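All remarks here apply to the structure that follows.
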2 protein chains.
Amino acid sequence: MADVARLAGVSSQTVSRVANGHTSVVESTRRQVLNAMQQLGYRPNSAARALKRGEFRTIGVILFTLATTGNSRTVEAIAAQAAHEGYAITLIPVAMPTQDGVLGAFTRLGELAVDGVIVIMEVHLLDAANLVLPPGVQVVVVDSDAGDRYPVVDTDQADGARQAVRHLLELGHDTVHHVTGPAESFSSERRALAWRTVLEDAGRVVPPVQRGDWTALSGYEAGLRLAGDPTCTAIFCANDQMALGVLRALHERGRRVPADVSVAGFDDIPDAASYLPPLTTVHQDFAEVGRQCVQGLLDQIRHHTREPGTVLVPTTLVERASTAPPGNRR
Amino acid sequence: MADVARLAGVSSQTVSRVANGHTSVVESTRRQVLNAMQQLGYRPNSAARALKRGEFRTIGVILFTLATTGNSRTVEAIAAQAAHEGYAITLIPVAMPTQDGVLGAFTRLGELAVDGVIVIMEVHLLDAANLVLPPGVQVVVVDSDAGDRYPVVDTDQADGARQAVRHLLELGHDTVHHVTGPAESFSSERRALAWRTVLEDAGRVVPPVQRGDWTALSGYEAGLRLAGDPTCTAIFCANDQMALGVLRALHERGRRVPADVSVAGFDDIPDAASYLPPLTTVHQDFAEVGRQCVQGLLDQIRHHTREPGTVLVPTTLVERASTAPPGNRR
DNA sequence: CACCCTCATGTTTACGCAAACATCACACCA
DNA sequence: TGGTGTGATGTTTGCGTAAACATGAGGGTG
């Protein structure tokens, strides 16, 4: 900066003013400074800037994995929105969903240059690790039921599941089987609860849930179990990938979809439209989730508030070819 | 820090020494300082640290999207390895693969607190934008042919494609059709070139390529075109998602896989094992790519060198149920 | 024509930390 | 017993920036 100032024949403060777009710099001076900057390849040092300003203009995102579609799409949306607001994103992956893992990440986060954190995971893992968030670091949580203690942004899991199950019942199925995700997952539990509630409210039999772990393979295994049950005519899967596995299992066992069995998923990943048959599924608006997260976090940062509460992002059912009335021979 | 020093009854320098694990602090003093830190909730300010040390311990990752499996898995691996080395990851998404987009990201990067950058995209987009990388910011590139100018880490695209095509020829197919990715993609072009070369070397007819854009939908469209050609008995798709689309198209047109047509993919995404039928595909070792990227970048940062060259990460063919000899009626 | 006000620009300072150097106490040896 | 060395701790300084305050030139007004 001093070099630029010297070359432009001004003081370093004037260089600073130009760099920050201050108004009270005469056009000719501004141009000289910009010239000098260009010539010397000057770039402001963000460490010094952050030190002086007391903020990093950076948001940390803490998560277990990018491997699930939901996470990676949420992160992408967060990154896009953050960039839009002039914030950078720092990724903090936690190796395993263990207490130690989470704690480790947050210890690092404490030293990390972030103004706030978005947590994409179950909040009970934070609690279990007895985490005290570094003071001054604001938090927004995704995929959690901690709306009473933290600001939470989430897809409206319950409503999405309700839509899918009701859709199947309305097609005329007696009941709907469910392939659920891991028990630790809040989204998974919420979807299962909504599924059960709809069935109970409609006075239907509630079949035992088939437990999966979000992967297509676990869906396949669940599907094999269900394929053996001739009364099973409708299956609601907690995500699209498990639905893919279910489709494969049904196919291998000679049960046609949707003629013999209807299958619905959750997420609406791009591939779902190309499954065999194209999958009826619940569409999640990840972009909106990302937007709300960043907006909520920046509000907190700017106003130094922390208001617990949950923002729910609506879902929509996308009807494709994997659901039909029972006994439909097409 | 001054507060901690006061409370512990030592100088701030001693606090600094404790915080950085220096040796020459007597145990009793160290404990006092740690106590004071705990009590006051002290955590080092990373901006000041970075300013003093002249490094950020942060790596920037610049990319177009996390939506493709390859990218998100590479990023995940990079993040894991970086964390292992005590580095944080800053994500810089570029909205569109246009010159402006890339330039914008790098301008921001210049101000960003990073010691180095990993670029997950075509290097010609950097060139097209006439980018001068900020001095002092080291670069490693993924998915590019710029090995003569930048250090490049990449999956061995050519060998992977060769394995897939040879596998199909060895099964007895006269030739192999190809569904390729976008022309701007280096991986895509490299896979296509290897496909063509294997066919030519074997003296086979080289059918026209079917152009896709990595999505399952584009694969579906390509598949519809190929399904109409009765001489087409083997299809090599440049990624698994397009293969998914091809499978759907073949299915809809009544062409059985692998009895009538064999299909192979590339990537080995987890879902591929659950396709109908389970997909024969080329396995990419994304974790290794991430490891090599970080390692290479840190080497550069630490030794202030920049050695162009390409590190190729080997691939393996995973044979599943989507390929078989031609005319195989199972 | 003197005064004051405004606006462009310069000077000083502090942000929090850690390297470099300075100091001091104590132990050991001749 | 004085000298010397060693290791623990304190003091000074500067990293690059921007806020706060200082300066000074020019223009307008009575």
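A, B, ... follow the sequence lines: proteins, then strands. Residue 1 opens every chain. This structure is a prediction, so every number in the text was calculated from the model and none was measured.
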Every protein N/O within reach of nucleotides 21-28 of chain D N/O, cut-off under 3.5 Å:
none

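Sorted by first then second residue, the salt bridge (charged side-chain N to carboxylate O under 4.0 Å, His left out) pairs that include residues 66-91 of chain B, not counting sequence neighbours, are B/E85-B/R302. Applying the side chain to side chain donor-acceptor pair (under 3.5 Å) rule to pairs touching residues 33-42 of chain A yields nothing, sequence neighbours excluded. For residues 288-299 of chain B, the pairs satisfying salt bridge (charged side-chain N to carboxylate O under 4.0 Å, His left out) are B/E288-B/R291, with sequence neighbours left out.
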Legend entry - Residue pair A/I120, A/I78: steps toward the side chain to side chain contact (heavy atoms under 4.5 Å, CB included) verdict: CA-CA 11 Å; A/I120 307 187; A/I78 288 172; 4.1 Å; yes
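Going from atom CG of A/N20 over to atom P of D/dT17 covers 10 Å, rounded to whole Å. Between the C1' atom of D/dG16 and the CE atom of A/M37 lies a distance of 13 Å, rounded to the nearest Å. Spacing between atom CG of B/N45 and atom C1' of D/dC15 amounts to 13 Å, rounded to whole angstrom units. Per the geometry, CD belonging to A/E55 stands 16 Å off P belonging to D/dT17, to the nearest Å. To the nearest angstrom, P of D/dG14 lies 17 Å from CG of A/L51.
Shown here for A/P314 and A/D156, the closest heavy-atom pair between the two residues is CA-CB, 4.3 Å. Shown here for B/A80 and A/P93, the closest heavy-atom pair between the two residues is N-CG, 4.2 Å.
Taking A/R30 as the reference, nothing meets the side-chain hydrogen bond (donor to acceptor under 3.5 Å, both in side chains) condition, with sequence neighbours excluded. With sequence neighbours excluded, no residue satisfies side-chain hydrogen bond (donor to acceptor under 3.5 Å, both in side chains) with A/T74. Annotation: side-chain hydrogen bond (donor to acceptor under 3.5 Å, both in side chains) contacts of A/T155 (sequence neighbours excluded): A/Q284. By the side-chain hydrogen bond (donor to acceptor under 3.5 Å, both in side chains) test, A/S11 pairs with A/T14, sequence neighbours left out.
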Enumerate, atom names and distances included, each donor-acceptor pair closer than 3.5 Å involving a side-chain atom of residues 48-58 of chain B, sequence neighbours excluded.
residue, atom, partner, partner atom, Å
B/E55, OE2, B/R57, NE, 3.1
B/T58, OG1, B/F56, O, 3.2

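Remark: A/L298 CG to A/Q295 CD distance equals 6.0 Å, nearest 0.5 Å.
Each end of the helix from C/dC1-D/dG30 to C/dA30-D/dT1 yields a helix axis from five base pairs, and these two axes differ in direction by 50° (to the nearest 10 degrees).
Bounding nucleotides for the chain B contact on DNA chain C, 5' to 3', at a heavy-atom distance below 4.0 Å, are C/dG16 to C/dA20.
Looking only at side-chain heavy atoms (C-beta outward), B/V313 and B/D154 stay at 4.5 Å or farther from each other.
Taken residue by residue, residues 7-15 of chain B places heavy atoms nearer than 4.0 Å to DNA chain C at B/Q13.
For D/dT17, the OP1/OP2 oxygens have no side-chain nitrogen or oxygen of A/R53 closer than 4.0 Å.
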